[in-house]
Amino acid sequence: MWLASVDGAIGPVEEARIPVADDGVLRGDGAFEVLRVYGGRPFALDDHFARLGRTCAGLRLHAELDALRVEALALLDRAGEPESLLRLVVTRGGRRIAIGEPLPARPATARVATVTYAPTRVLNGLKTLSYAGNMLAGRLAKEQGADEALFVTPHGRVLEGPTWTFFWVRAGRLHTPPLSDGILESITRARLLEELDVTEAPCTLDDVRTAEEAFIASSVREVMPIAAVDAIALPHAPGAVTAAAHEAFKRRVERELATPAAA
Ligand SMILES: Cc1ncc(COP(=O)(O)O)c(C=O)c1O
């Protein structure tokens, strides 16, 4: 049974309730995080709480994040689901929510379709509940026969996916767009930048069309090869650089979880 905690009260997720007048529901006014649980232990919990804190500060939202952390760890203890996701939400109405979720089933590689998108600026870098545009982009991509959306600005700058960071390989070198393009400061991205030789560079559609490999990176997906962008099939999915990135990330996860301070 999947469990949720609302302000510290734990119960079955289907029975968890918050008031309908919460602006988190009415206006998408709130903050969230999703993180991976490996062997029952949350990965990069400090980084996710740090980003949650930055989102709350950006939204001018006061939230009891210390209390949420205690409640989330209590939820994980009770849930006992070794391989899962932990979703953290704080709402404008003051609710603190932690939800245990199953890992989504996904194909081994993703075909992505470009969707025109412009970062909002006022919310850049914040992981807010205002994700309707991100969710819609995924549906638009599926209408085109793809698995996922890839955000591209009206000026042709390739940014990220609705819930993941984009990496591509050209001339054997790994690249990813810079944070200054208005993308989210992904925790997986930061780990990969520490582990591997990655060039942060703006990405155009031509770069994507001539890429040897490309992949999705996120807490939920880790490293997931991209097989095609629109009608262009990438030569390798996964290619050697993507496979090496995934291995390096998995080793990093193991190292961090082996350190008692990690959780
Ligand atoms: C827009 C966006 N970009 C990138 C990511 C990947 O971030 P992380 O690696 O911290 O999971 C996410 C996570 O959900 C996201 O929502």
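Start at 1 with the first residue, then count along the sequence. As the structure lists them, so they are numbered: ligands from 1, and atoms in each ligand from 1. Since this is a predicted model, take the numbers as computed values, not measurements.
Contacts between Y131 and ligand 1 below 4.0 angstrom, taking non-hydrogen atoms only, involve the side chain exclusively. For L184, every heavy-atom contact with ligand 1 shorter than 4.0 Å involves the side chain, none the backbone.
Not a single heavy atom of A44 sits less than 4.0 Å from an atom of ligand 1. Residue contacts with ligand 1 leave out E33, since none of its heavy atoms falls under 4.0 Å from the ligand.
Looking at I187 next to ligand 1, an N or O pair under 3.5 Å apart turns up. The distance criterion of under 3.5 Å between nitrogen or oxygen atoms is met by S219 with respect to ligand 1. The shortest N/O to N/O separation between T165 and ligand 1 does not fall below 3.5 Å.
Checked against a 6.0 Å centroid threshold, the rings of F166 and F215 do not count as neighbours.
Close approach to K127 involves these atoms of ligand 1, each under 4.0 Å from a residue heavy atom: 12 (C), 13 (C), 14 (O), 15 (C), 16 (O). In the vicinity of T188, heavy-atom distances shorter than 4.0 Å reach the ligand 1 atoms 8 (P), 9 (O).
Using the six-membered ring where Trp is involved, F43 and F249 have ring planes that are perpendicular, over 60° apart on the 30 and 60° scheme.
In the candidate list T128, T163, I183, T163 is nearest to atom 5 (C) of ligand 1, counting heavy atoms.
Nearest to atom 3 (N) of ligand 1 among the protein's heavy atoms is E160 OE1, 2.8 Å.
Listed by chain and residue number, nothing satisfies the ring-ring contact (aromatic ring centres under 6.0 Å, His included) test with F49 (two or more places apart in sequence, or in another chain).
Other residues, nucleotides and ligands contribute only 12 or fewer heavy atoms inside 6.0 Å of the CZ atom of R27. Enclosure of atom CG in D206 by more than 12 non-hydrogen atoms of other residues, nucleotides or ligands within 6.0 angstrom is indicated. Enclosure of atom CD in E212 by more than 12 non-hydrogen atoms of other residues, nucleotides or ligands within 6.0 angstrom is indicated.
Two residues are said to be in side-chain contact when any heavy atoms from C-beta on lie closer than 4.5 Å; V25 and I18 meet this criterion.
Counting side-chain heavy-atom gaps under 4.5 Å among Ile, Leu, Val, Met, Phe, Trp and Tyr, the cluster of L159 also holds Y117, F151, L179, I183.
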